[in-house]
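Numbers restart at 1 for each chain; the letters A, B, ... are given by sequence-line order, proteins then strands.
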Amino acid sequence: MTHLTEEEMIAKAYGESENTAAVERHLRACPLCADGFAELKRDLADIDRIEAPVRDLRYGDRVWAAIAGALPAYALRKRALQEDAGEDAGDRVWWNLAGSGFWANPWNNLWVKGLGYAAACALLVSSAFYAGRVWQMKQAPAPVAHVETPKAQAPRTPIVVVVLDDHLDRSERFLVELKHADLDSSAMESPLRDEARSLLAANRVCRKNVGQADDPELTTALDHLDSLLADAANEPGGLNAKSIAELQQTMNAEGLLFEVRVLRSRIGHRAPVEDPERGGTI
Amino acid sequence: MDTNDHAAIQAVLAGDKEAYGGLVVRHSQTLFRVAFRITGNEADAEDVVQEAFLRGYRKLEGFESRANFGTWIYRIAVHCALDRVKSRRGDQDSRVGDANDPELDQVQVADQAAGPERLLLSGEIASMQLAALHSLTATERTAFVLRHMEDRTTAEIGAALGIDPNAAKQAVFRAVQKMRRRLAPLRVAT
């Protein structure tokens, strides 16, 4: 009598036996195989199912909110592809932009939004610094006056928190775009480089401020981001499929997207707290 | 296929991007569950869900209307999760693939010294099971998770992994054999 192999028993245990009737007949007739099969069933039953952590009912909405910005509308995309096929090579960039709805409604375009946020971010940072300087000058004590406690500077700090949160938000979206950049298409190369340049300037301002806040985790993340953005912004001859692939590799190797997401959730949930030693917060 | 899904896909392809949001909301939980089971990591699972829906959107024009969107996007998620596990583990597969490695056996049964009482603790058992799962190659682990925990047939596993059903079956066999060998100390102790 030929005994059942372990593979035949496994197939039977999962209900995928190729010859169920013959296998069952054999199991009834052969105590050795019956014992082996019973043991296999016990072993499989002992291997617990991994239970995934529970996600609340709003989870799907959050996923959608996270990706919606990166998706171009379909009909527009299709039309752009059709039109692109009939245009000269020189017009391709124009129609790629048209395909993403850029000219129809520029504010719906992620990159325009990005540039808008960059401008707003830069304006906020400048305003915050200017307000701080003016405030400091106004509050500067006379030579013999007592030194004001740092708490008096508190109203300036929430702006910095908001700016940093905005910066991390933009950075995250940039990293997601980079991660999913289509290497076969040149449509995203120029917008990616422009956004990297814009983010690089804002990143350096944030990094400078964070340097005073004694937050090594944040400083390290911004350093990593700085390095990646500098590479993306200053690639000789502009970005191409090869350089984007290298950037993706660097980003993945450093776990940068994850790092930025962790920081975002940390900063997003953190109320501005004063640094008692420095009188400011980040 | 689900008529809601079908209508949503038609709307998306007609230019209503927001209709895709309905599909995302409807299928996110399922994708998260399978992504978590394959990656074993919450953050990775969340990334996988997003990546799967992004890839799904880009490929939506190639989606056949007769097919089931849930199954289709599930396969994409499995692919994304498998890619993630492979990229995380790098060359780990080749290092831990040999179940007869005496060094690994030593690590594997080290907990026996703590005695059967300790092994009975569910936490200990769960951690040994997880360790056993992690000792599988990415493909074996994914095939095993899909077969043992997601109740998918080998044909479905083959389709999800992009391999022949027979290859999927062999991956499940190898995974079960390795799991049994690695969990044998537990059986003896209990």
How close do [X] and [Y] get, counting heavy atoms only, and between which atoms?
{"X": "A:D56", "Y": "B:Q29", "answer": "O-NE2, 3.0 Å"}
{"X": "B:F32", "Y": "A:A52", "answer": "CE2-CB, 4.2 Å"}
{"X": "A:P72", "Y": "B:Y57", "answer": "O-OH, 2.6 Å"}
{"X": "A:A70", "Y": "B:L54", "answer": "CB-CD2, 4.2 Å"}
{"X": "A:I47", "Y": "B:H148", "answer": "O-NE2, 3.0 Å"}
{"X": "A:G60", "Y": "B:S28", "answer": "CA-OG, 3.6 Å"}

SB check B:K169 A:E7 (cutoff 4.0 Å):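 Result for this pair is no, no salt bridge flagged.
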
Taking A:E16 first and then B:R147, would you say they form a salt bridge - that is, a charged N and a carboxylate O separated by under 4.0 Å?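 Yes, this pair counts.
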
Looking at A:V54, A:D61, A:L71, which has the largest count of heavy-atom pairs under 4.5 Å with chain B?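 Going by pairs under 4.5 Å, I would pick A:L71.
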
Contact class of B:Q177 relative to chain A, heavy atoms under 4.5 angstrom: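 Contact with chain A is through both the backbone and side chain of B:Q177.
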
Any [X] side-chain heavy atom under 4.5 Å of [Y] side chain:
{"X": "B:V176", "Y": "A:L40", "answer": "yes"}
{"X": "A:R62", "Y": "B:Q50", "answer": "no"}
{"X": "B:R55", "Y": "A:H180", "answer": "no"}

Answer with side chain, backbone, both or neither: which region of [X] has an atom nearer than 4.5 Å to a non-hydrogen atom of chain B?
{"X": "A:L44", "answer": "both"}
{"X": "A:R58", "answer": "neither"}
{"X": "A:A11", "answer": "both"}
{"X": "A:Y14", "answer": "both"}

Looking at [options], which one has more heavy-atom pairs under 4.5 Å with chain A than the rest?
{"options": "B:T154, B:V172, B:V49", "answer": "B:T154"}
{"options": "B:D151, B:V34, B:L23", "answer": "B:D151"}
{"options": "B:L130, B:T153, B:D44", "answer": "B:T153"}

Spatial distance of atom [atom1] ([X]) from atom [atom2] ([Y]) [nearest 0.5 Å]:
{"X": "A:W64", "Y": "B:K17", "atom1": "CH2", "atom2": "NZ", "result": "6.0 Å"}
{"X": "B:R37", "Y": "A:E51", "atom1": "CZ", "atom2": "CD", "result": "5.5 Å"}
{"X": "A:R42", "Y": "B:R180", "atom1": "CZ", "atom2": "CZ", "result": "9.5 Å"}
{"X": "B:Q129", "Y": "A:D46", "atom1": "CD", "atom2": "CG", "result": "7.5 Å"}
{"X": "B:R33", "Y": "A:I50", "atom1": "CZ", "atom2": "CD1", "result": "12.0 Å"}

Is there a side chain to side chain contact (heavy atoms under 4.5 Å, CB included) between B:F173 and A:E6? Walk through the geometry before answering. CA-CA 8 Å; B:F173 288 159; A:E6 190 179 5; over 6 Å; no

For A:Y59, does the OH atom sit with more than 12 other heavy atoms under 6.0 Å from it, leaving out its own atoms?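 More than 12 heavy atoms, drawn from other residues, nucleotides or ligands, come within 6.0 Å of this atom.
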
Let's go through B:L31 and A:V63 carefully: what are the C-alpha distance in whole Å and the side-chain angles of both, what is the deciding distance for side chain to side chain contact (heavy atoms under 4.5 Å, CB included) to 0.1 Å, and is it a yes or a no? CA-CA 11 Å; B:L31 263 52; A:V63 173; over 6 Å; no

